[in-house]
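Written below as structure tokens is the structure these notes are about.
Along the sequence shown, residues carry numbers from 1. Computed from heavy atoms alone, side chains included, the values below leave out hydrogens, waters and symmetry copies.
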Amino acid sequence: MPMLSQKIRNALVEAALQGKTHAYAPYSNFPVGAALLCGDGTIVTGASIDNASWSLTICAERTALVKAVSEGIRSFTALAVVANVPHISPCGLCRQVIVEFCAPEMPVLLIPGDCGSNCPLDEDDGLKETTVGALFPDNDYH
């Protein structure tokens, strides 16, 4: 059973897709968007930002978290991530930052790249709903 309501899923998917439109990906050609649902109901988006020095590239998930935290937001209830591939999952760096600020039980939506605004949003269509704890098991940060 999904952890998030259909209404919240739809809002997060739309926001993540919108975030992806702002990606700067001239080197990787791998635009990624993220949407972070804050405790007050606002959604903060993030986009991947490439850099010619690959190690300085910033992922969409970290962009969204840093934007929110830099504005004083510290309560998060869900995260959605989308790219132009069938299966996406946060990288190790993103997982470390996510676990720093998000509870292990927080839902994370991993959205397939071919999902548009009318995506049915269920696991039969490639959408994966997981948790921070499942992405980063055995952490003792919380």
| Are any of the side-chain heavy atoms of Leu79 and Ile98 separated by less than 4.5 Å? | yes
| request: Kindly state each residue pair satisfying side-chain hydrogen bond (donor to acceptor under 3.5 Å, both in side chains) with at least one member in residues 26-36, sequence neighbours excluded. | output: Ser28-Asp50
| query | Do the side chains of Val132 and Val99 get nearer than 4.5 Å, heavy atoms only? | reply | yes
| query | Distance from Met106 atom CE to Leu135 atom CG, nearest 0.5 Å? | reply | 9.0 Å
| said: As an exercise, state the distance from CD1 of Ile58 to CG of Leu93, rounded to the nearest 0.5 Å. | reply: 9.0 Å
| Check: Phe76 and Val69 side chains under 4.5 Å, non-hydrogen atoms | yes
| query | Rounded to the nearest 0.5 Å, how far apart are CG of Leu65 and SG of Cys102? | reply | 5.0 Å
| field | Sub-4.5 Å side-chain heavy-atom contact between Thr131 and Glu105 | value | no
| note | Closest non-hydrogen atoms of Ala23 and Pro31, given as atom of the first, atom of the second and distance, are CB-CB, 3.6 Å
| task | May I ask you to test the Cys91-Cys59 pair for a side-chain heavy-atom distance under 4.5 Å? | result | yes
| task | Go through the structure and list residues passing side-chain contact (heavy atoms from CB on, under 4.5 Å) with Val66, not counting sequence neighbours. | result | none
| field | Heavy-atom check, side chain of Val81 versus side chain of Ser89, under 4.5 Å | value | no
| said: When you group the ILVMFWY residues by side-chain heavy-atom contacts below 4.5 Å and let the links chain together, are Leu110 and Phe30 in the same group? | reply: yes
| task | Would you check, one step at a time, whether the test side chain to side chain contact (heavy atoms under 4.5 Å, CB included) holds for Leu127 with Arg9? | result | CA-CA 10 Å; Leu127 177 81; Arg9 280 177 168 216; 3.1 Å; yes
| remark: residues 51-60 vs side-chain hydrogen bond (donor to acceptor under 3.5 Å, both in side chains), sequence neighbours excluded, gives none
| field | Heavy-atom check, side chain of Leu12 versus side chain of Leu4, under 4.5 Å | value | yes
| note | The complete set of side-chain hydrogen bond (donor to acceptor under 3.5 Å, both in side chains) pairs with one or both residues in residues 61-87, sequence neighbours excluded, reads Lys20-Asn84
| field | Atom of Arg95, atom of Pro90 and distance for their closest heavy-atom approach | value | NE-O, 2.6 Å
Pairs of donor and acceptor atoms involving the side chains of residues 35-49, under 3.5 Å and at least two apart or interchain, shall be tabulated with distances.
residue	atom	partner	partner atom	Å
Asp40	OD1	Thr42	N	3.0
Asp40	OD1	Thr42	OG1	2.7
Ser48	OG	Val32	N	3.0

| note | Between Thr130 and Met3, the two heavy atoms sitting closest are O-CE, 3.2 Å
